[in-house]
2 protein chains.
Amino acid sequence: MCKQCNYETLLSAARLDATDNRLRVLEVIGNNSYPLSAADIFKTLDRTYRINRVTVYRILDLLVEHELVDRISTGGRAFYYGMAPNAHHHPHPHFYCKRCGQMDCLTPDSLNVDSEALWKTFPGRIDKVEVRVDGICKNCMK
Amino acid sequence: MCKQCNYETLLSAARLDATDNRLRVLEVIGNNSYPLSAADIFKTLDRTYRINRVTVYRILDLLVEHELVDRISTGGRAFYYGMAPNAHHHPHPHFYCKRCGQMDCLTPDSLNVDSEALWKTFPGRIDKVEVRVDGICKNCMK
DNA sequence: GGCTTCAATGCAATAAATTTGCATCAAAGT
DNA sequence: ACTTTGATGCAAATTTATTGCATTGAAGCC
């Protein structure tokens with residue numbers, strides 16, 4: 001849940017028109033406390049507003065490309081989407097439960113990743129460092 | 001390239017029959033210096049021995065399940081496969097080039113991940129911590 | 001030897017997630 | 001009004017992986 005982000009502002013800062021659909025996709029992602037799949041986002045929106053699946057994919061691509069949204073890989077087949085790092089969202093690792101598919105955010109410092117040396121020495125461009133913990137969540141352990 | 005692993009031994013240690021196909025899949029993965037996609041492995045094998053795509057998938061599932069092989073997610077759609085951590089293969093991060101799809105292994109200490117606290121406190125089961133660096137590789141930068 | 005069993009493999013069809021191509025529509029210029 | 005342009009929708013295609021069922025060949029048993 002993000003009370004601090006203003007989605008219209010985020011969009012206009014990225015020089016993107018704040019269409020209803022874009023705002024809604026961004027809201028669904030930003031107001032959720034864990035990352036969601038494209039299918040989740042589509043289902044949530046379509047229940048209330050009627051939107052096409054492809055439109056959701058296209059908006060997600062756009063938001064990822066403009067770095068408002070982060071495309072996160074899972075141990076499964078689909079990508080998940082969460083807010084990209086910004087003033088209110090620091091990079092953090094995720095936990096993926098291979099039983100139920102739920103993805104949770106871990107606190108930024110639950111794992112300590114020191115990537116400084118790599119950034120200095122890597123002979124190419126680094127865009128992001130993704131850290132994912134795979135396993136079985138508390139609920140599924142029962 | 002792994003000179004130290006004996007693939008028959010690995011298979012039998014996991015109580016799996018060392019069929020030709022299983023050995024070949026394991027060899028292709030183990031003898032390669034970076035992870036490969038199922039399609040890569042299939043193409044490599046099919047050129048020489050004639051094998052079915054589905055057989056490759058099934059063997060990969062089996063090897064992953066028995067922890068001989070590691071299924072690695074990419075910034076793309078397909079999974080990649082590399083040797084699972086063992087005496088000769090330490091866990092390490094990977095670099096994924098989003099332009100050409102090439103995945104490289106980074107040295108185990110190129111990024112320093114301290115996950116000790118998490119293992120202690122996490123209320124569920126942790127199977128692995130995957131660290132992936134995304135960006136554009138040296139070659140694609142030109 | 002002949003019979004049964006069973007795991008490994010192959011082949012065809014299907015599924016899941018995403019992408020592409022093309023049509024439409026509405027707002028912004030001119 | 002006329003044209004352009006970007007956003008969206010719809011249907012079809014693509015990519016990657018999985019399922020169901022048939023075949024085969026070796027291992028055990030009478």
Side-chain angles (χ1 to χ4, degrees), chain A residues 7-8 11-12 14-26 28-29 35-66 68-81 96 98 100-101 103, chain B residues 7-8 11-12 14-26 28-29 35-66 68-81 96 98 100-101 103:
Chain A
Y7 301 118
E8 301 213 31
L11 283 170
S12 75
R15 299 191 210 186
L16 294 174
D17 285 344
T19 67
D20 288 350
N21 283 337
R22 287 176 187 170
L23 273 170
R24 286 169 188 156
V25 168
L26 206 44
V28 169
I29 295 173
L36 296 168
S37 68
D40 291 334
I41 296 165
F42 166 67
K43 271 184 260 164
T44 302
L45 286 179
D46 194 48
R47 231 182 287 129
T48 321
Y49 301 110
R50 196 48 52 92
I51 188 176
N52 192 276
R53 191 184 302 275
V54 177
T55 303
V56 173
Y57 278 113
R58 279 198 279 235
I59 290 175
L60 288 171
D61 284 350
L62 188 78
L63 298 179
V64 167
E65 196 183 324
H66 285 79
L68 301 185
V69 161
D70 206 8
R71 191 198 308 265
I72 303 161
S73 67
T74 69
R77 308 238 303 231
F79 292 115
Y80 280 41
Y81 297 87
Y96 178 74
K98 54 172 95 163
C100 66
M103 180 166 258
Chain B
Y7 301 118
E8 301 214 30
L11 281 169
S12 74
R15 297 192 213 184
L16 295 173
D17 286 345
T19 66
D20 288 351
N21 283 337
R22 287 176 187 170
L23 274 171
R24 287 171 187 155
V25 168
L26 207 43
V28 170
I29 294 173
L36 296 168
S37 68
D40 291 334
I41 297 165
F42 166 68
K43 269 183 265 167
T44 302
L45 287 180
D46 195 48
R47 230 181 287 129
T48 320
Y49 301 109
R50 195 49 51 94
I51 189 174
N52 192 277
R53 191 184 302 273
V54 176
T55 303
V56 173
Y57 279 114
R58 279 198 279 239
I59 291 176
L60 288 172
D61 284 349
L62 188 79
L63 298 180
V64 168
E65 197 183 324
H66 287 78
L68 300 186
V69 161
D70 206 8
R71 191 197 308 267
I72 302 161
S73 67
T74 68
R77 296 234 251 147
F79 292 115
Y80 279 42
Y81 298 87
Y96 178 74
K98 54 172 96 163
C100 65
M103 180 168 256

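So that the names make sense, note that chain A is the first sequence line, chain B the second, and so on, each numbered from 1.
Looking at heavy atoms from C-beta onward, B:Tyr81 lies out of side-chain contact with B:Pro35 at the 4.5 angstrom threshold. Inter-residue side-chain proximity for B:Phe42 and B:Ile51 is flagged as met; some heavy-atom pair is nearer than 4.5 Å.
Interatomic distance, A:Tyr80 OH to A:Ile72 CD1, rounded to the nearest 0.5 Å: 10.5 Å.
Nucleotides of DNA chain D that come within less than 4.0 Å of any heavy atom of chain A span, from the 5' end to the 3' end, D:dA7 to D:dT18.
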Scoring nucleotides 4-10 of chain C by protein non-hydrogen atoms under 4.0 Å (B base, S sugar-phosphate only, - none) yields ----SBB

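Residue-level contact check: A:Ala38 touches the backbone only, with heavy atoms under 4.0 Å from sugar-phosphate atoms and none from bases.
What separates CZ of A:Phe42 from P of C:dT19 is a distance of 16 Å, to the nearest Å.
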Got a list of side-chain donor-acceptor pairs under 3.5 Å for residues 52-62 of chain A, not counting sequence neighbours?
residue	atom	partner	partner atom	Å
A:Asn52	OD1	A:Val54	N	2.8
A:Asp61	OD1	A:Arg71	NH2	3.3

Determine, stepwise, if the pair B:Val64 / B:Asp70 fulfils side chain to side chain contact (heavy atoms under 4.5 Å, CB included).
CA-CA 6 Å; B:Val64 168; B:Asp70 206 8; over 6 Å; no

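A donor-acceptor pair is defined here as one N or O able to donate and one able to accept, closer than 3.5 Å; no such pair exists between the side chain of B:Ser12 and the backbone of B:Leu16. Side-chain atoms of B:Ser37 do not come within 3.5 Å of backbone N or O of B:Ile41 as any donor-acceptor pair. A donor-acceptor contact shorter than 3.5 Å links the side chain of A:Arg22 to the backbone of A:Asp17.
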